[in-house]
Structure formats: structure tokens, C-alpha cells
Amino acid sequence: MAAKVETVPLPYSPAQMTTQLGPGWEETLRSALEWMTLGRALDARMQGLQRQGRVGFYGAATGQEAVAVGAGLATRPEDWILPGLREQLVALVRGHSLVDYAHHLFADNLDPGRGRNMPCHPTASEVHYVSMSSVIGTQISHAVGVAYGIRLQHKLGVAVAFFGDGATSANDFHAGLNLGAVWKLPVVFCCVNNQWAISLPVEKQTAAPSLATKSAAYGIAGRQVDGTDVVAVLHALGASLETARSGQGPSFLEFLVYRMTPHSSSDDPTRYQPKGWADRAAAHDPVERLAAWMTSAGLLTPEAREEMRGRADEKVRAAVAVAEAAPPPTPPSLTEDVYAREGSSGAG
Ligand SMILES: Cc1ncc(C[n+]2csc(CCOP(=O)(O)OP(=O)(O)O)c2C)c(N)n1
Ligand SMILES: [Mg+2]
């Protein structure tokens with residue numbers, strides 16, 4: 001079968017918005033902007049704290065907020081998220097507490113992972129957000145396993161895998177897409193193409209005309225989506241989730257975005273990105289794009305925008321203050337949650 005590669009048309013008129021997002025779309029957009037603004041504030045603060053030596057590591061998702069927030073809003077509680085490197089906002093939108101996430105970033109005693117994972121590798125089981133793996137691509141085959149489990153247990157829900165452009169060269173990409181399609185599982189493969197795998201530009205990663213075309217080889221419909229447009233994300237992901245939920249099997253979405261920050265706190269992109277890349281990326285800022293559209297549609301005033309920014313900064317400041325005051329994990333906690341206690345089921 002031929003891959004369906006298309007860009008979702010941008011809905012600019014209110015009538016088109018109603019068609020794409022349904023009634024109540026104004027509230028959906030307001031909520032999306034609020035979350036995207038929070039993500040931006042979080043990234044800015046945490047990158048600063050990392051430079052001050054207060055958190056050990058940070059990987060920003062700046063430029064990718066529309067995908068994560070769109071996914072957080074489009075998925076249902078019964079769905080499962082198998083994140084790539086930058087999907088923390090999906091967990092937060094789905095209800096993971098910002099304070100718990102801050103505890104994780106500071107690797108303190110109240111970190112749900114008890115400081116065992118690198119900062120920015122959260123786990124949030126209460127919102128079906130599977131512990132993030134740094135090993136590129138593994139979450140693709142994990143998602144297929146989760147989807148198979150959903151089917152075996154006759155449960156509702158869709159497994160949603162996120163991965164970068166770099167992961168499309170990993171073995172798990174082939175194994176996951178192949179098995180997901182053969183077994184027609186309820187899984188959505190979301191490739192967030194931020195055009196870089198650390199220092200490797202996407203054109204050196206693959207000669208394929210788009211990453212979406214790759215899914216044709218597995219019999220999966222592929223679609224390239226403007227990942228800087230939250231409306232396009234909500235619409236495309238909503239359709240793929242519906243396809244999976246109704247038993248029609250997996251789909252593949254390539255979200256095209258621009259990485260606006262370094263890969264992580266460990267690299268310097270001025271050493272490998274061409275001059276002008278940062279300006280080009282900034283011109284595709286998803287947060288500013290949504291704010292500008294809402295302003296032009298009369299849904300947002302400059303004052304309301306400022307208040308939104310203030311609320312985001314305050315939430316981040318408060319969460320950091322709580323986390324930074326928490327003690328580090330105690331040495332005995334190293335073996336907690338590792339061995340089941342005698343007489344316990346080990347579950348929990
Ligand atoms: C199997 C494996 N190989 C190499 C690495 C080192 N590594 C860490 S991040 C990364 C690039 C990932 O790029 P991409 O998949 O595009 O995700 P992005 O960082 O752009 O979100 C690499 C190669 C790894 N973590 N795992
Ligand atoms: Mg990438």
C-alpha cells in the first residue's frame with residue numbers, strides 16, 4: 001500500500017475550528033496555551049538551575065510543546081504513554097503533579113523513582129506514563145507489547161509511542177512497526193522529527209523523502225503533520241487514536257518540529273548546527289504561533305497572555321521551592337522497591 005503523506009490543513013476560521021476540534025474548541029485552545037506556556041517556563045527555569053549546579057541534567061522540549069500538549073489533551077486516561085526523550089508535558093497534562101515532577105528533577109527522597117533515574121527521565125504510573133528509557137527506540141517495541149497486553153486483557157486503551165527522528169534508524173523501529181501492523185494492535189507511533197539526533201541532521205539520518213513514508217513498508221498509513229500547530233496535532237492524533245480504538249490497527253504520525261534548544265544540558269549546538277538554524281527554529285515557535293492566532297481571533301488579550309506567563313512562572317517557582325527543600329533519598333531506600341517482601345505479592 002502507498003503511504004499517505006500529507007500535511008493537515010491549518011484550520012483558520014472559527015467554523016473550521018469547530019469541525020476540527022468540535023464545540024468548545026475555544027476552551028481547548030486556552031487550555032493548550034496554558035500548558036504550553038507552563039512547559040516553556042519549566043524548560044527555561046530548569047536549564048538555568050542546571051547551569052547553577054542545582055539539578056544534574058536537563059533536556060528541554062522547547063519547540064515541541066504543541067505535540068506533547070496535544071497528546072496530553074487528545075489521549076484518554078485508559079491510554080498508555082511510552083515516551084521518548086521529551087514528553088514530560090504529556091504526563092503533566094494527563095494529571096501528574098508538577099511538584100512530583102520537580103521532586104524527580106532534584107532526585108530527592110520524594111521522587112517517585114527515588115533518585116534512581118537521571119533527571120528528565122520521569123515515571124508517572126498513576127497517569128499510565130511508562131518510565132522513560134534513554135535507550136533510543138526501545139519504547140517502540142515496548143508500546144507494541146503494551147498494546148498486545150491491552151488486547152489480551154480485553155481492555156480499552158491505546159498505546160502511544162513517542163520517539164525522535166534518530167530512533168527511526170534503530171532496530172526496535174522495524175520490530176515494533178512490523179509486529180504492530182501484523183497483529184493489528186491498538187498502537188499509535190508518534191515520531192517527533194525535530195530534525196536533529198544530537199549533532200546529526202535528519203538528512204544524514206535517512207535518504208527517505210519523509211519519515212512518514214517509512215511506515216508504508218509495514219502496511220501502516222503514515223502522515224506528516226505540522227507539529228508546531230497544536231490544532232493539527234489534536235486533529236491528527238485524535239483520528240489515529242480513534243482508528244486504533246475501533247480495532248483498525250496502528251498508524252504512524254510524523255510531527256515536524258524545530259529543536260529550539262540544545263539536545264540537552266551536555267552539548268553546545270553552535271559547534272554543529274549551521275549558522276542561522278536557531279533563528280529559523282525560533283520562527284517556528286509553537287507557543288508564539290498559538291498565542292498569535294488566539295490574539296488575532298479575539299480570544300486572547302496581551303494582559304491575559306502576561307497573566308498566563310505569570311501563573312506558569314509562579315507554578316514552576318513553587319514546585320522548585322518544595323522539591324529543593326526535600327531531603328535526598330536515604331541510603332536504605334536503594335533496595336526498597338527492588339525485592340518483594342515475604343508474604344507480599346510484589347505488586348504495587
Ligand atoms: C541505542 C542508543 N544509541 C545511542 C544513544 C545515544 N543517544 C542519546 S540521544 C540520541 C539522539 C536521539 O535523537 P532523536 O531520536 O532524534 O531524539 P531527540 O533527542 O532529537 O528528541 C542518541 C544517539 C542512545 N541513548 N541509545
Ligand atoms: Mg531528533
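Read the numbers this way: they start at 1 and go in the same order the structure lists the ligands and their atoms.
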Only N/O/S atoms count here: what is the atom of D165 closest to the Mg ion (ligand 2) called? OD1
[X] versus ligand 1: do any nitrogen or oxygen atoms come within less than 3.5 Å of each other?
{"X": "A197", "result": "no"}
{"X": "A167", "result": "yes"}
{"X": "G166", "result": "yes"}
{"X": "S134", "result": "yes"}
{"X": "N194", "result": "yes"}

For Y218 and H174, take the angle between the two ring planes, folded into 0 to 90°, and tell me which bin it lands in: parallel under 30, tilted 30 to 60, perpendicular over 60.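 If you compare the ring of Y218 with that of H174, the planes turn out tilted.
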Can you tell me how the ring of F173 sits relative to the ring of F252, calling it parallel under 30°, perpendicular over 60° and tilted otherwise? perpendicular
Can you see which heavy atom on A161 is nearest to which on I140, and at what distance?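 Looking at all heavy atoms of both residues, the shortest contact is CB-CA, 4.4 Å.
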Taking all non-hydrogen atoms of both residues into account, name the closest pair between A124 and A91 and its distance. CB-CB, 4.4 Å
Suppose I only count heavy atoms of L85 and a 4.0 Å limit; which atoms of ligand 1 are within that range?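 Going through ligand 1 atom by atom, the ones under 4.0 Å from L85 are 9 (S), 17 (O), 18 (P), 19 (O), 21 (O).
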What atoms of ligand 1 come within less than 4.0 Å of a heavy atom belonging to H263? 9 (S), 19 (O)
Tell me the protein heavy atom at minimum distance from atom 11 (C) of ligand 1, and give that distance in Å.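 Heavy-atom neighbour on the protein nearest atom 11 (C) of ligand 1: I198 CG1, 3.6 Å.
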Any non-hydrogen atom of W196 lying under 4.0 Å from ligand 1?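 A heavy atom of W196 does come that close to ligand 1.
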Does the protein place any heavy atom closer than 4.0 Å to atom 6 (C) of ligand 1?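 No, there is no protein heavy atom closer to it than 4.0 Å.
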Less than 4.5 Å apart, side chain to side chain, heavy atoms only: is that true for V55 and F106?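 When only atoms from C-beta onward are counted, F106 and V55 do touch, with a gap below 4.5 Å.
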Do W196 and V202 come close enough that some side-chain heavy atom pair is under 4.5 Å? no
Is it true that D79 and K155 make a salt bridge, defined as a side-chain N closer than 4.0 Å to a carboxylate O?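 No, no charged N to carboxylate O under 4.0 Å.
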Hey, mind stepping through W277 and Q195 against side chain to side chain contact (heavy atoms under 4.5 Å, CB included) and telling me if it holds? CA-CA 11 Å; W277 166 265; Q195 309 182 51; 3.7 Å; yes
Are there more than 12 heavy atoms of other residues, nucleotides or ligands under 6.0 Å from atom CG of N109?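 Result for CG/N109: enclosed.
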What part of R86 sits under 4.0 Å from ligand 1 if we count only heavy atoms: the side chain, the backbone, both or neither?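 R86 to ligand 1: side-chain contact only, backbone stays beyond 4.0 Å.
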Region of I136 engaging ligand 1 - heavy atom pairs below 4.0 Å: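 For I136, the contact with ligand 1 is made by both the backbone and the side chain.
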What angle, to the nearest 10°, do the atoms OD1 (N194) and O (W196) form about the Mg ion (ligand 2)? 80°
